[in-house]
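This report refers to the structure that appears directly beneath it.
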Amino acid sequence: MLCRKYGRPSTLVLITILLMAALVFFFGITTHLHSNVDSSVKTNIQQVRNELSYHFHQKLESVKTIVKIDPALKPRNIKLLNQQDIQPFRGNILFLVNSNIGNKERRTSIRKNWANQTKFNQHRKKFHNVSFKAYFMTGFKAEKFNLAKTESVKYGDLLITNRTEDYWDFSRRAMISFHWTIENCYYDYLLKADDDIFIHIPNLFTFLYKDPYVLKHHDRLYAGYIIMHGKPHRNLKFKWGVTYEEWGADAYPPFSTGMGFILSRFIIEKMIPHFDWEKPFRVDDVYIGHLVYMAQISNIGIRSSVGQEFSRFNDPKKCPIQSKAIVYHQVLTEDCMRKLTESSLKVK
């Protein structure tokens with residue numbers, strides 16, 4: 001009777017039983033592996049967050065193109081005297097250091113210390129192996145040229161202009177150097193500084209790749225110790241005093257002091273058509289700010305120094321360590337430069 005009542009199971013029943021067995025097996029395996037899967041998911045989420053944080057480092061090589069500047073925008077009588085020696089750079093951060101042609105010792109100190117990329121390999125790994133290189137832009141002195149040319153051949157990082165060394169000619173020096181970097185290098189950021197400056201590399205990495213405002217404006221960033229409402233000094237006894245003929249307006253555009261400021265490559269490209277080779281404003285810090293203003297960059301990110309990021313005046317005799325600073329001024333000795341570099345290397 002029982003056999004007749006319940007007979008052989010139908011095809012539908014068999015399918016139902018098999019599906020139930022499969023579900024039991026699946027959930028059993030899922031429960032067994034739950035902790036491993038959960039850990040893996042968390043790891044993947046963190047990796048995604050990291051990728052998003054540094055998305056601008058992951059640009060395709062195909063879009064990292066070198067820009068050729070319209071010949072009409074190039075100067076006729078200003079040039080680099082050692083073009084064939086200079087080694088192009090393709091990476092993330094390009095340092096452009098203003099240096100008197102005779103300041104070989106300062107340049108050597110910088111190369112050995114904060115500009116030595118291999119010293120910071122552990123810090124670079126934390127930021128997708130970010131790369132950097134320093135170049136030194138100089139003027140011309142006949143009695144110093146041969147020694148500088150030897151240095152140029154050895155290191156490939158000097159930009160020696162044919163303009164006589166002159167403090168009031170720095171605007172032209174910066175323009176010709178900007179030209180060279182745009183036509184021969186690829187980089188995301190350019191940090192312009194002087195050769196009596198120390199750059200705290202780990203703090204710079206944190207600033208560029210973790211600061212929310214910088215991340216938001218990474219491709220159109222102007223950062224430094226920004227003077228927002230500066231006015232020209234009319235007393236010509238003052239070092240930076242200017243006449244109304246030189247600057248007719250009663251105010252300056254926002255500009256960064258020259259000890260160290262950062263520009264995104266995109267901004268520099270947009271500044272170039274506004275270069276005035278004949279009569280640039282001689283106060284180069286203000287002139288750079290003027291060029292940024294003239295470029296009319298939409299959604300530009302002007303990031304002024306918070307605390308003492310870009311405004312740390314260093315006591316040359318005591319050489320104190322300032323843990324939050326990105327730029328130190330003045331650093332005049334090899335001992336101080338080495339001390340500050342070794343301190344920065346200890347940052348985790």
Side-chain angles (χ1 to χ4, degrees), residues 93-100 102-127 130 132-137 157 167 170 189-214 221-228 230 239-240 255-263 284-285 288 302-348:
I93 306 168
L94 188 152
F95 297 105
L96 192 56
V97 182
N98 199 9
S99 180
N100 187 290
N103 288 354
K104 180 182 178 181
E105 291 183 358
R106 290 189 185 182
R107 294 190 290 271
T108 299
S109 179
I110 288 173
R111 291 187 190 104
K112 289 167 56 178
N113 289 286
W114 65 259
N116 185 342
Q117 183 173 251
T118 59
K119 282 183 177 290
F120 296 93
N121 282 344
Q122 292 303 313
H123 297 87
R124 292 173 55 229
K125 288 178 182 178
K126 297 176 183 178
F127 298 95
V130 58
F132 61 86
K133 182 176 175 63
Y135 291 91
F136 302 90
M137 51 181 179
D157 60 4
Y167 180 86
F170 286 174
Y189 301 105
L190 183 147
L191 193 158
K192 186 268 180 188
D194 295 328
D195 64 6
D196 60 351
I197 294 297
F198 169 75
I199 306 294
H200 193 297
I201 296 297
N203 285 355
L204 176 63
F205 287 173
T206 299
F207 176 80
L208 290 177
Y209 306 126
K210 286 191 174 181
D211 182 279
Y213 186 85
V214 174
L221 178 72
Y222 182 28
Y225 188 78
I226 306 291
I227 307 297
M228 294 300 296
K239 181 177 180 180
W240 294 284
F255 71 94
S256 175
T257 58
M259 70 176 73
F261 60 80
I262 300 170
L263 286 168
D284 60 314
D285 303 350
I288 297 299
I302 298 180
R303 169 64 159 78
S304 190
S305 180
V306 175
Q308 296 180 330
E309 290 172 336
F310 290 90
S311 61
R312 179 63 261 168
F313 282 89
N314 188 60
D315 185 331
K317 295 181 180 179
K318 297 181 180 179
C319 192
I321 295 169
Q322 305 292 336
S323 61
K324 301 298 182 181
I326 297 172
V327 173
Y328 289 66
H329 174 267
Q330 294 172 309
V331 179
L332 303 177
T333 67
E334 165 68 16
D335 288 342
C336 183
M337 192 72 79
R338 182 173 58 252
K339 173 185 174 182
L340 295 174
T341 301
E342 290 174 353
S343 174
S344 70
L345 288 167
K346 295 176 183 178
V347 174
K348 300 298 183 181

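Residue numbers start at 1 and run along the sequence shown. Given the structure is predicted, the values throughout are model-derived calculations rather than measurements. What you see below is based on every heavy atom in this structure, not just the backbone, and it leaves out hydrogens, waters and symmetry mates.
- Pairing each heavy atom of Val331 with each of Cys336, the nearest pair is CG1-SG, 3.8 Å.
- Residues Leu204 and Phe132 fail the side-chain proximity criterion, which asks for heavy atoms closer than 4.5 Å.
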Could you pull out every donor-acceptor pair under 3.5 Å between side chains of residues 104-112 and any protein atom, sequence neighbours left out?
from: Arg106; atom 1: NH1; to: Asp195; atom 2: OD1; distance (Å): 2.9
from: Arg107; atom 1: NE; to: Glu151; atom 2: OE2; distance (Å): 2.8
from: Arg107; atom 1: NH1; to: Ser99; atom 2: OG; distance (Å): 2.9
from: Arg107; atom 1: NH1; to: Asn100; atom 2: O; distance (Å): 2.7
from: Arg107; atom 1: NH2; to: Ile101; atom 2: O; distance (Å): 2.9
from: Arg107; atom 1: NH2; to: Glu151; atom 2: OE1; distance (Å): 2.9
from: Thr108; atom 1: OG1; to: Lys104; atom 2: O; distance (Å): 3.0
from: Ser109; atom 1: OG; to: Glu334; atom 2: OE1; distance (Å): 2.7
from: Arg111; atom 1: NE; to: Asp157; atom 2: OD2; distance (Å): 2.8
from: Arg111; atom 1: NH1; to: Glu151; atom 2: OE2; distance (Å): 3.2
from: Arg111; atom 1: NH2; to: Glu151; atom 2: OE2; distance (Å): 2.8
from: Arg111; atom 1: NH2; to: Asp157; atom 2: OD1; distance (Å): 3.0

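- The two residues Met137 and Leu96 make their nearest non-hydrogen contact at SD-CG, 3.8 Å.
- Contacts of Lys125 classified as side chain to side chain contact (heavy atoms under 4.5 Å, CB included), with partners at least two apart in sequence or in another chain: Gln122, Asn129.
- Every salt bridge (Lys or Arg N to Asp or Glu O under 4.0 Å) that Asp211 has, sequence neighbours left out, goes to Arg303.
- Evaluated for a side-chain hydrogen bond (donor to acceptor under 3.5 Å, both in side chains) with His329, the options Asp196, Asp194, Thr257 yield exactly one hit, Asp196.
- From Leu191, atom CG reaches atom CZ of Phe261 across 8.5 Å, with rounding to the nearest 0.5 Å.
- Nearest heavy-atom pair across Ser256 and Ile226 is CB-CD1, 3.7 Å.
- Using cut-offs of 30° and 60° on the angle between ring planes, the pair Tyr167 and Trp240 is tilted.
- Asp284 meets the side chain to side chain contact (heavy atoms under 4.5 Å, CB included) test with Phe170, Ser171, Lys192; sequence neighbours excluded.
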Solution key, residues 339-348 side-chain donor-acceptor pairs under 3.5 Å, sequence neighbours excluded:
from: Lys339; atom 1: NZ; to: Cys319; atom 2: O; distance (Å): 2.9
from: Thr341; atom 1: OG1; to: Met337; atom 2: O; distance (Å): 2.8
from: Ser344; atom 1: OG; to: Thr341; atom 2: O; distance (Å): 2.7

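- Listed by chain and residue number, His200, Ile326 satisfy the side chain to side chain contact (heavy atoms under 4.5 Å, CB included) test with Asn203 (two or more places apart in sequence, or in another chain).
- Pairing each heavy atom of Ile199 with each of Trp114, the nearest pair is O-CB, 3.4 Å.
- Tyr225 and Ser305 make their closest contact through CD1-CB, 3.9 Å (heavy atoms, listed as atom of the first residue, atom of the second, distance).
- Residues Pro202 and Phe120 share a closest heavy-atom pair of CD-CE2, 3.8 Å.
- Rounding to the nearest 0.5 Å gives a distance of 14.0 Å between CD1 of Ile93 and NZ of Lys133.
- Checked by atom type and distance alone, the side chain of Tyr209 never pairs as donor or acceptor with a backbone atom of Lys126 at under 3.5 Å.
- Only one option out of Ile262, Thr206, Leu221 pairs with Val214 in a side-chain contact (heavy atoms from CB on, under 4.5 Å); it is Leu221.
- The line from CZ of Phe255 to OH of Tyr222 is 8.0 Å long, rounded to the nearest 0.5 Å.
- Without hydrogens or angle criteria, Gln308 side chain to Ala325 main chain gives no donor-acceptor distance under 3.5 Å.
- With ring centers used as reference points, Phe207 lies 6.0 Å or more from Tyr189.
- Taking CG of Leu94 as the start and CG of Leu263 as the end, the distance is 11.5 Å to the nearest 0.5 Å.
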